[in-house]
Protein chains: 4
Amino acid sequence: MDMAFDMNEAVASRARQAADPDSNVGGIAVDRLRSVIERVERLEEERKALAGDIKDIFAEAKSAGFDVPTLKNIIRLRKKEPSEIEEQETLLDIYRRALGM
Amino acid sequence: MDMAFDMNEAVASRARQAADPDSNVGGIAVDRLRSVIERVERLEEERKALAGDIKDIFAEAKSAGFDVPTLKNIIRLRKKEPSEIEEQETLLDIYRRALGM
Amino acid sequence: MDMAFDMNEAVASRARQAADPDSNVGGIAVDRLRSVIERVERLEEERKALAGDIKDIFAEAKSAGFDVPTLKNIIRLRKKEPSEIEEQETLLDIYRRALGM
Amino acid sequence: MDMAFDMNEAVASRARQAADPDSNVGGIAVDRLRSVIERVERLEEERKALAGDIKDIFAEAKSAGFDVPTLKNIIRLRKKEPSEIEEQETLLDIYRRALGM
DNA sequence: CAAGAATTATGAACCC
DNA sequence: GGGTTCATAATTCTTG
């Protein structure tokens, strides 16, 4: 009985490959490939959820009377060093004056 | 005595505003403004962390011999309906044939 | 002799299609397809050339001691209405004061 | 008469600066600044016009029954070497097979 | 050559 | 619902 198994070993092997996520297909480590893809997809889901949360907060802020572009502007400024902000604003002022703006 | 209070109420009020995050400054609800900004910043931090994680996974995959652009391609495909993929590939083939590509 | 004509009509037709850019291939108006693609490619070339010119100007300006990010900032400002600039700067100032920035 | 020259030189200089676009303002070469900005703005205008032309062509193509995303796809492909296209398609196929897609 | 920034293109969201 | 603006994603180019 168990000998019949040997006869079809090649075929059985191929069948296992189809069923077994750990096998190689065309020289590709299928299990690792799946792992990479699924982990990235998972993280992207979380990122998307956070983006939704942020959007909700801005919508709420808008309802409360805040100006959303200005809020975003503030958040952008807060990422910079105060000295960097100062420096850029100074330069901008110089150029604006030079142009009479 | 209690009159002194009234006399300086305006000044005292301004002093409280400077110290009290719940007060209004220039018609702006400061506490709420802070809340909005800090919540968004918190979520953006998390988003950034996730982006870093994704980057790490791709770097690891690259080290393991995977082709990163192709991985991204696969992930993009998996977001679409199979019928949509099929449709687009069919159209592309038709146009390529028409142009002899 | 004249029968050979008919017999091979289908083949001959396909041969003509291969040679004739005005023919249809798979229901596609090949000549029009080519026209669309080549016109877009031509315009994209021009766009790319202009992008190069702009880059050159900024490089030259940088050599002359100008701060390129500030130059871009100025150009961005000049696209807006003065009233719009004023309005946005006022709002930003209010929020910054409210936050003690 | 020539003495008035010296006495009011500083004031006269400032007056000239205000009137003369070639002067320096705050250490900035105003004429050169203007030149840079206006040249860039000119080129950006042209770029914008070309972008509009491209948009028009795609709109026309859409009306004629072409699928615009596929057209863009074709144009992207035509920018690549045939060998590069082949290579990428092969890799994609391998990964898809490995994942049973 | 890799990493980072900057630009461009695509897709989504908002307003009309 | 369509058009326009805005955000994100990808590609490209520069710099270390």
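Treat the numbers as computed from the prediction; the structure is a model and nothing was measured. First the proteins, then the strands, lettered A, B, ... as listed; each starts at 1.
Of the two residues near DNA chain E, A:Lys62 and C:Glu44, the one whose nearest nucleotide lies more 5' is C:Glu44. Heavy-atom distances to DNA chain E give each of A:Ala59 and D:Lys79 a nearest nucleotide, and the one nearer the 5′ end belongs to D:Lys79.
Looking only at distances, no side-chain donor or acceptor of D:Ser35 sits under 3.5 Å from a matching main-chain atom of D:Asp31.
Salt bridge present: D:Glu89 and B:Arg96 bring a charged side-chain N and a carboxylate O closer than 4.0 Å. Using a cutoff of 4.0 Å between basic side-chain nitrogens and carboxylate oxygens, D:Lys79 and C:Glu44 are scored as salt-bridged.
Checking the phosphate oxygens (OP1, OP2) of F:dA9, a side-chain nitrogen or oxygen of A:Arg47 falls inside 4.0 Å. Between D:Lys72 and E:dA9 there is no side-chain polar atom (N or O) within less than 4.0 angstrom of OP1 or OP2. At the phosphate of E:dA12, neither OP1 nor OP2 sits under 4.0 Å from any side-chain N or O atom of A:Lys55. The phosphate of F:dT11 has neither OP1 nor OP2 within less than 4.0 Å of any side-chain N or O from D:Arg76.
Atom CG of B:Leu43 and atom C1' of F:dA7 are 16 Å apart (whole Å). If you measure from atom CG of A:Asp56 to atom C1' of E:dC14, you get 15 Å, rounded to the nearest angstrom. The separation between D:Lys80 atom NZ and F:dA10 atom C1' is 12 Å, rounded to whole Å. We find that CG of C:Leu50 is positioned 15 Å from C1' of E:dT8, with the value rounded to whole Å. Between the CZ atom of A:Phe58 and the P atom of F:dT8 there is a distance of 10 Å, rounded to whole Å.
No more than 12 heavy atoms of other residues, nucleotides or ligands shown are found within 6.0 angstrom of CD on D:Glu45.
Within 4.0 Å (heavy atoms only), C:Lys48 reaches no atom of the nucleic acid at all.
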